[in-house]
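See structure below.
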Amino acid sequence: MFRAHERDAEDRRAARQHAGRTRSAGLASRRQRERKLSGPERDLVILGGGVTGLGIARLAARAGWSVTVVERDDLATGASSATSHMLHGGLRYLEHGRFRLVREALSERAIVSRMAPSLARPVRFLVPLRRGDRVGPLRLRAGLALYDLLAGRAGPSPHVMAGPREALAMEPGLEPSGLRGAGLYTDVVMDDVRLAIAVARDAAAHGAEILTRTDLVAARPEPATGRQAVELRGRVTGAVTSLKPTLIVNATGAWSDRTRATLLSMLRPGTNDPPRLLRPSRGTHLVYPSLTEGHGLLTLAGDGRVCFVIPFAGRSLVGTTEVETESPPTDAQRRPSPDEIRYLAREVARVLPGAARAHPIAVYGGVRPLLAAEEKVGEASREHRIVDDDALLTIVGGKDTTFRVMARDLLALAARKLKREPAPRDEPSAPLPPPTGDRVADEELARHAVEHEWACSLEDLIRRRSTRWLADDRGLAAARRMAPVLKRHLGWDATREREEVERFESAVRDELMMLDRALAMP
């Protein structure tokens, strides 16, 4: 693991490399891009500022297409900021025979790790073997060997098997009773939301327009021009913008069914709502002080589900759950439930008895846009699907690790519809802009996030532009230092600055109270 000053030095080196590589493609073509986006015409308007929509915008902009991303909140406020923080192939998907998906995801794991070295790092995971588990040593060894094989030559350190004494020497906190040994394999831990922000920055550097806190309020076809007319309204300013894209892309994640039905009612008045594409599920994670000696853990929960303990930013992320929600999810369904909190706390204490004495410092939940299927929600495929409704393309399913694949597939279809061949292709060696190092001053981090990363609130800064939310005080002290920067750059008055600090502090208190109440219940 990198020490903090080594990571910051790498960030600075990556920033210099990125600036050098993109200067000719960025600054030299700036006037050309400004001409392209000066009028209302667009090749694409993309609804949804998660990693999927941003990945599509990045690939389209790199191909010279005119593209605008429209996000009703901040970037990555949905599932893109509520993952298990892993770039992985999905070891558990091997049980369901999804070999192609695993191989594709493992290939993307290697590519995205190279694109964002300051946001992704390899981590060794232990899979404890216990008497009575449904997965024994031979089955685990075969699964890990297949995982290595599917990763190919780009894979990190291969798997090994360890006896019980070796496993306890590596992770003394493991429950020793019934321990038969462990398998060790390598996956990649990443910063999910800052990866999405980096993708957005790269898209913007190549000409994409990124509009946050903006609603689409109307859409209608213009048969004479072959375009669609859409009206957007800023949620803060109320300003109305009119654009004329050739295609509209629906990449709104767990809200895709509602977005699709709404848009089709505008573009095809009088048509019935289309059948639902999604069967979403909520995944909840607890955040603990560090529980391991630096390894990740993959265990089988008491009910047979897979449970992860993931080292991230000096903490341990424990997850996850699978709770089916409506499509789209209600506000209440987006929030972790007391039952999920207690379930995860029990499972981590069963595997690491010392965790029973630790108290989680945070909890978060997100809704996965899973494809509708007959399988149990915990066994649903993570593959993606693209639905072609003429001027509207909807992309659903998928996972963070394969965002480039999703972008490639959607742009291939869009290129055919726009009669542009060949379809745009990504450049795997092109680095993403690195984030501001976590060791920089709060004020400097805030300034950079406001000026270059579309941040507009303390939650944007602390939860989605840094790891300050994992500090012992959950970022409360940083919030008070960052608020004056927001005030100065966004034109707030003293009342608005005070309200912003109070709103952030209230959200942290509410989350901690939810944890306390859930864990106090029998």
Side-chain angles (χ1 to χ4, degrees), residues 47-50 52 71-85 192-193 212-213 215-216 235 250-262 273 276-287 301 303 305 307 317-347 360-373 376-378 380 396-397 399-400 457-460 462-464 469 474 502-522:
L47 305 180
T52 300
E71 167 56 50
R72 71 185 308 272
D73 292 308
D74 182 30
L75 299 178
T77 51
S80 295
S81 58
T83 75
S84 294
H85 288 67
D192 55 2
V193 65
T212 64
R213 291 172 170 81
D215 288 321
L216 184 145
R235 305 186 76 190
N250 172 16
T252 55
W255 291 264
S256 293
D257 279 332
R258 181 173 65 188
T259 302
R260 182 181 178 222
T262 300
D273 285 352
R276 296 192 182 278
L277 302 171
L278 296 178
R279 186 186 177 191
S281 78
R282 180 178 65 245
T284 291
H285 294 77
L286 297 180
V287 183
D303 59 2
R305 294 194 63 256
C307 184
L317 312 182
V318 175
T320 179
T321 59
E322 297 274 0
V323 179
E324 190 167 351
T325 74
E326 298 174 12
S327 177
T330 65
D331 288 343
Q333 289 173 336
R334 297 179 63 187
R335 293 190 290 269
S337 70
D339 287 343
E340 290 173 286
I341 293 171
R342 290 192 294 273
Y343 167 82
L344 291 173
R346 284 195 303 268
E347 287 304 322
I361 65 171
V363 57
Y364 64 91
V367 181
R368 310 175 185 91
L370 301 181
L371 297 176
K376 295 179 181 178
V377 68
V396 289
K399 51 188 290 187
D400 266 29
S457 73
L458 288 174
E459 182 185 6
D460 297 352
I462 294 171
R463 179 62 179 86
R464 291 184 289 276
W469 65 286
R474 297 299 311 282
E502 290 173 351
R503 185 182 300 111
F504 180 78
E505 292 177 343
S506 176
V508 171
R509 284 196 303 270
D510 290 347
E511 183 181 325
L512 295 177
M513 289 175 61
M514 176 174 61
L515 281 170
D516 289 342
R517 285 195 299 265
L519 296 175
M521 297 171 67

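For this chain, numbers begin at 1 and follow the sequence in order. What you are looking at is a predicted structure, and each value in this text was computed from that prediction instead of being measured.
Using a distance-only test at 3.5 Å, with no hydrogens or angles considered, a donor-acceptor pair links the side chain of Arg276 to the main chain of Ser327. Of the possible donor and acceptor atoms, none in the side chain of Arg503 sits under 3.5 Å from a partner among the backbone N and O of Ser457. Under a 3.5 Å cut-off, the side chain of Gln333 and the backbone N or O of Glu326 do form a donor-acceptor pair. In this structure a side-chain-to-backbone donor-acceptor pair under 3.5 Å is missing from Thr284 to Gly365. Distance alone, capped at 3.5 Å, places no donor-acceptor pair between the Arg282 side chain and the Val323 backbone.
Between Thr321 and Ser337, every side-chain heavy-atom pair lies at or beyond the 4.5 Å cut-off. Between Met514 and Arg335, the closest side-chain pair of non-hydrogen atoms is not below 4.5 Å. Side-chain atoms of Trp255 and Pro369, non-hydrogen and from C-beta on, never get closer than 4.5 Å to each other. The side-chain heavy atoms of Val318 and Cys307, taken from C-beta on, include a pair separated by under 4.5 Å. Side-chain contact between Val287 and Trp469 is present, with heavy atoms from C-beta onward closer than 4.5 Å.
Between Ser256 and Val396, the shortest heavy-atom distance links the atoms CB-CG1, 3.5 Å. Here the shortest heavy-atom pairing between Leu344 and Gly319 reads CD2-CA, 3.9 Å. Heavy atoms only, all atoms of each residue included: Val363 and Leu286 are closest at CG2-CD2, 3.7 Å. In terms of heavy-atom proximity, Ala254 sits nearest to Val367 at CB-CG1, 3.7 Å. Residues Ala82 and Asp192 come closest through the heavy atom pair N-OD2, 3.5 Å. Between Ser81 and Ala76, the shortest heavy-atom contact is OG-O, 2.7 Å.
In this view, Arg213 and Asp460 satisfy the side chain to side chain donor-acceptor pair (under 3.5 Å) rule, not counting sequence neighbours. When the salt bridge (Lys or Arg N to Asp or Glu O under 4.0 Å) test is applied to Asp273, no partner is found at least two apart in sequence or on another chain. For Arg258, there are no salt bridge (Lys or Arg N to Asp or Glu O under 4.0 Å) partners two or more places apart in sequence or in a different chain. Considering only residues two or more places apart in sequence or on other chains, Arg72 meets the salt bridge (Lys or Arg N to Asp or Glu O under 4.0 Å) condition with Asp215.
The existence of a salt bridge linking Asp339 and Arg342 is confirmed by a sub-4.0 Å separation between a basic side-chain nitrogen and an acidic carboxylate oxygen.
Atoms CD1 and CG, from Ile361 and Leu512 in turn, are 9.0 Å apart once rounded to the nearest 0.5 Å. One finds the CG atom of Leu370 at 8.0 Å from the CG atom of Leu278 (value rounded to the nearest 0.5 Å). Rounded to the nearest 0.5 angstrom, Arg260 CZ and Thr252 OG1 are separated by 11.5 Å. Atom CZ of Arg464 sits about 9.0 Å away from atom CG of Leu75, to the nearest 0.5 Å. Between Thr259 atom OG1 and Asn250 atom CG the span is 4.5 Å, to the nearest 0.5 Å.
Legend: salt bridge (Lys or Arg N to Asp or Glu O under 4.0 Å) pairs involving residues 506-522, not counting sequence neighbours, sorted by first then second residue: Arg474-Glu511. Within the structure, side-chain hydrogen bond (donor to acceptor under 3.5 Å, both in side chains) contacts touching residues 363-372 (residues at least two apart or in different chains) are His85-Tyr364, Ser281-Arg368, Thr320-Arg368, Glu322-Arg368.
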### Message
Please determine whether side-chain contact (heavy atoms from CB on, under 4.5 Å) holds for the pair Leu317 and Ser84, giving the CA-CA distance in whole Å, both sets of side-chain angles, and the decisive distance to 0.1 Å.
### Response
CA-CA 7 Å; Leu317 312 182; Ser84 294; over 6 Å; no
#### Entry: Evaluation steps, side-chain contact (heavy atoms from CB on, under 4.5 Å), between Arg235 and Asp73
CA-CA 9 Å; Arg235 305 186 76 190; Asp73 292 308; 2.9 Å; yes
